[in-house]
Amino acid sequence: MGSGLDAGSLSVTVKDGKGALVSDAVVYVTSSTNSSRAAKQVVIDQRNKQFVPYVTAVQVGTSILFPNKDNIRHHVYSLSPAKRFELPLYEGIPAKPVLFDAEGFVTLGCNIHDWMIAYVAVLGTPYFQITAEDGRAVLKDLPAGQCTVEVWHPRLKGLPQNSAQHVDSVAGDAKELLFTLDLKPDFRVRRAPGLSNGGYP
Amino acid sequence: MLQSATYLVVRHANREHAHAEIDSRLRAGAQVFKKLIEERNQQITNAAAILSRDHAFLEAFAGAGEDRATTLSALESLRSRIKAALIQIASLEKQLLFDTRQPERRSVPFPFPKLIERAETEGAAYAFVILDKDFYAMAVTPLLAPAPIAWLCPAFHIDDQFAREIKAYSDLEITFLDPAGGENVLASTFDGEQRHSLLLLLHQRPPPVGEIVNLRFGGEEFVSYAVPLPTENGRAVALLQRSLDKELAPYLRLERTFLLLALLGLLISVAVGIWIARTVSRPVLQLAEGTRKIGQGDYSQRIEIRSDDEIGLLASAFNRMGEGLAERDQVRDLLGKVVSPAVATELLRKDVTLGGEEREVTILFSDLRNFTSMCEGRPAQEMLALLNRYFTRMSAIVEGHGGVVDKYVGDGLMALFGAPLAGPDDADHALESALEMCDALDELNRLWQAQGSQAVSLGIGINTDSVVAGNMGSQTRLNYTVIGDGVNLAARLETLTKTPEYQTHIIVSSSTLAKAKGRYRTRPLGEVAVKGKQQPTEIYALLGREIESSS
């Protein structure tokens, strides 16, 4: 996305305290150089009574649309300080997306389905990736020069700043970084058995 | 004795059983109590979990920054919804955010951080807590939006009402104590005086945890069992109790019944004892006394027992025995007079049957000479008196030498030595008797002559031979006597004393002399032919004893 000349890349691996690879971790890079604007609209589906995806990262100022793909209604809400909003029981695609205009980590829920949960990391940088099942996230086209790499996860204990890593230059070969996060136990409301198919994301 | 021992043993066993039973019931009650408490805590935790998803409240809580008063009033509404005593809300960082009891209190550390730590790993937690000397059960559950945003901590007062509710299910007296607070009673099913005296007792002597003890207070004894309660800031215990008196009541009832039975048994045995004494012991003693007297020869004993049982039979048998013995004594007396005492004894000792046995017997015959002429002109009565006097004297001599007067024939006398009882000196006794009889007659003659009577003389024949001795006669009338040729010879020897040439009063056969051990003065008289014997028998005149000093 940025100019190709000074583009660099980072390969980040995230593990937890026990050495297990961590997926759904948001790796984001804050650079001293001006950040370019990312996509203006992102979609988080409600499908089979789950939010998809589980973790979404957006640059601040991004609007998110919450289409309901189920044939029942949902009531999407957030009580997070970064973005408090509510989409009372609705079907199909809401008329308007929701603008996430402040940095922070937002927890989404459905007021009528306790187990439905999703996270939105509203970041002040366009450079971010979410770790896959292998715990890796590769960030490309990073601006040259000094930058700070931080990782956030829904179960992270404490603040991402606490585990931030500083990189002098990303130019040249892809730099390998390892983050070991202190995670809280997985604490999610279980979807009662015997309901329609599906479980956690 | 046995009764009371049995009673004591059974009473002891009963009490022991009662106490074991009461202890085990108390332990079972403690299990029920623990279960009730746990279920109740689970319930309040579940209630808290439901509250934690209340969207309206979550919204009010999220807006607390702008409008704290609204959040507090919403929290108050939640509190009344689940009838909690108070609700506290702690931040994820374990800072106290809200307290319905003290609305102004905030941003101080939450008093039970460990409880939240447990909830962090387990999803929810509960514990007993002591807040301002009051006892609470507190549940901790996250406020979910939908991830945890804070900790909702409703607390329920453990008060007397609660204790009474648990009592209704567990049938236990329950007192919640805080040993750290000096056995402070937090809540109890006891009230008034009883509660006060329990408090005083506990101050002196804290109850040991996990051990059954008996505590006496307020005039009542209680089996007590202290159960520790998981208390966040202290070591509270629940003292579970049952009234020993009430528990023992059925056992005491059993004991009283048993005591009654034991006393009844005692009464019956005493009655039976008295009855036995009356019907058995006394008659038995009477019989024993009677038997003793009979042993001493008093056959007049009769026992007055009129009953149809064995004792009565025994008594009448005893009486018959007495009569029988008296009769036998009488018979023996009479028999002794009719026959000689030795024969009488022999007759009484053995069965009186006909038949005899062969034995060696020395037979003595005596006869009076001139007795008829002496009696001339005298009345028969006087004659009989003379004769009796003579026989009495002669019999005494014979019996004095162990002889037996077999019979009197007119003025004659037949005596036996060696029958029915044989002795080693039978022959000597016969000879001694003969000599003594002669001496005795001399005395009698002197007496009679002094009275003007004629003198009489005596003839005696003595022979020793094997003869048949026994009871002779008929089945109904029999005599103990001897028969045989030897008897006849003795009689014949007596007759021979009349022979003038012999000039003797006593003729003895050689067989008697041969048996005699003593030494006698004799004079041979020649031989006489004896019927049934080839050899004639030598006979001797018995003159007297050999004077030992002169020989």
Side-chain angles (χ1 to χ4, degrees), chain A residues 17-18 24 44 46 49-51 54-56 66 73-89 102 104-121 152-159 162 182-192 200-201, chain B residues 42 45-68 70-72 74-75 78 89-95 97-98 107 113-126 139-153:
Chain A
K18 292 171 187 164
D24 295 321
I44 296 174
Q46 295 142 62
K49 299 181 204 115
Q50 298 287 359
F51 287 112
Y54 175 49
V55 175
T56 304
F66 295 96
R73 289 187 289 175
H74 286 297
H75 180 154
V76 180
Y77 73 92
S78 160
L79 293 175
S80 301
K83 185 65 189 177
R84 283 180 65 189
F85 74 96
E86 188 171 17
L87 301 174
L89 291 171
F105 302 99
V106 176
T107 309
L108 302 177
C110 172
N111 200 12
I112 61 171
H113 301 112
D114 285 353
W115 63 88
M116 285 176 71
I117 190 164
Y119 295 91
V120 179
W152 175 89
H153 187 271
R155 290 191 281 127
L156 181 70
K157 273 188 189 170
L159 298 168
N162 300 345
D182 192 5
L183 298 185
K184 290 183 260 191
D186 197 359
F187 181 76
R188 269 183 271 173
V189 175
R190 309 249 159 200
R191 195 168 169 176
Y200 316 107
Chain B
Q42 197 66 58
T45 310
N46 289 345
I50 288 166
L51 286 193
S52 72
R53 302 306 298 246
D54 187 285
H55 190 74
F57 176 74
L58 286 170
E59 279 191 17
F61 177 73
E66 304 100 65
D67 189 355
R68 187 174 158 81
T70 304
T71 311
L72 261 170
L75 193 59
L78 287 195
I89 291 180
S91 71
L92 295 180
E93 290 76 33
K94 304 181 184 69
Q95 292 289 305
L97 301 177
F98 292 94
S107 296
K114 291 228 168 58
L115 192 54
I116 290 181
E117 278 168 28
R118 240 185 14 256
E120 279 171 349
T121 53
E122 290 164 21
Y126 57 77
V140 173
T141 183
L143 279 175
L144 295 168
I149 54 171
W151 298 102
L152 184 72
C153 314

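The chains referred to below are lettered A, B, ... by the order of the sequence lines, with proteins before strands, and numbering in each begins at 1. Keep in mind that this is a model prediction, so the values were computed, not measured.
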* What's the spacing between B/Glu120 CD and A/Lys157 NZ if we round to 0.5 Å? -> 7.0 Å
* What heavy-atom pair brings B/Glu59 and A/Arg84 nearest, and what distance separates the two atoms? -> O-NH2, 3.3 Å
* **Close approach to chain B in residues 75-83 of chain A, criterion heavy atom under 4.5 Å** => A/His75, A/Tyr77, A/Leu79
* A/Asp114 vs B/Pro146 side-chain heavy atoms within contact, under 4.5 Å -> no
* A/Arg73 CZ: over 12 foreign heavy atoms closer than 6.0 Å -> no
* Rounded to the nearest 0.5 Å, how far does CG of B/Leu144 lie from CD1 of A/Ile117? -> 8.0 Å
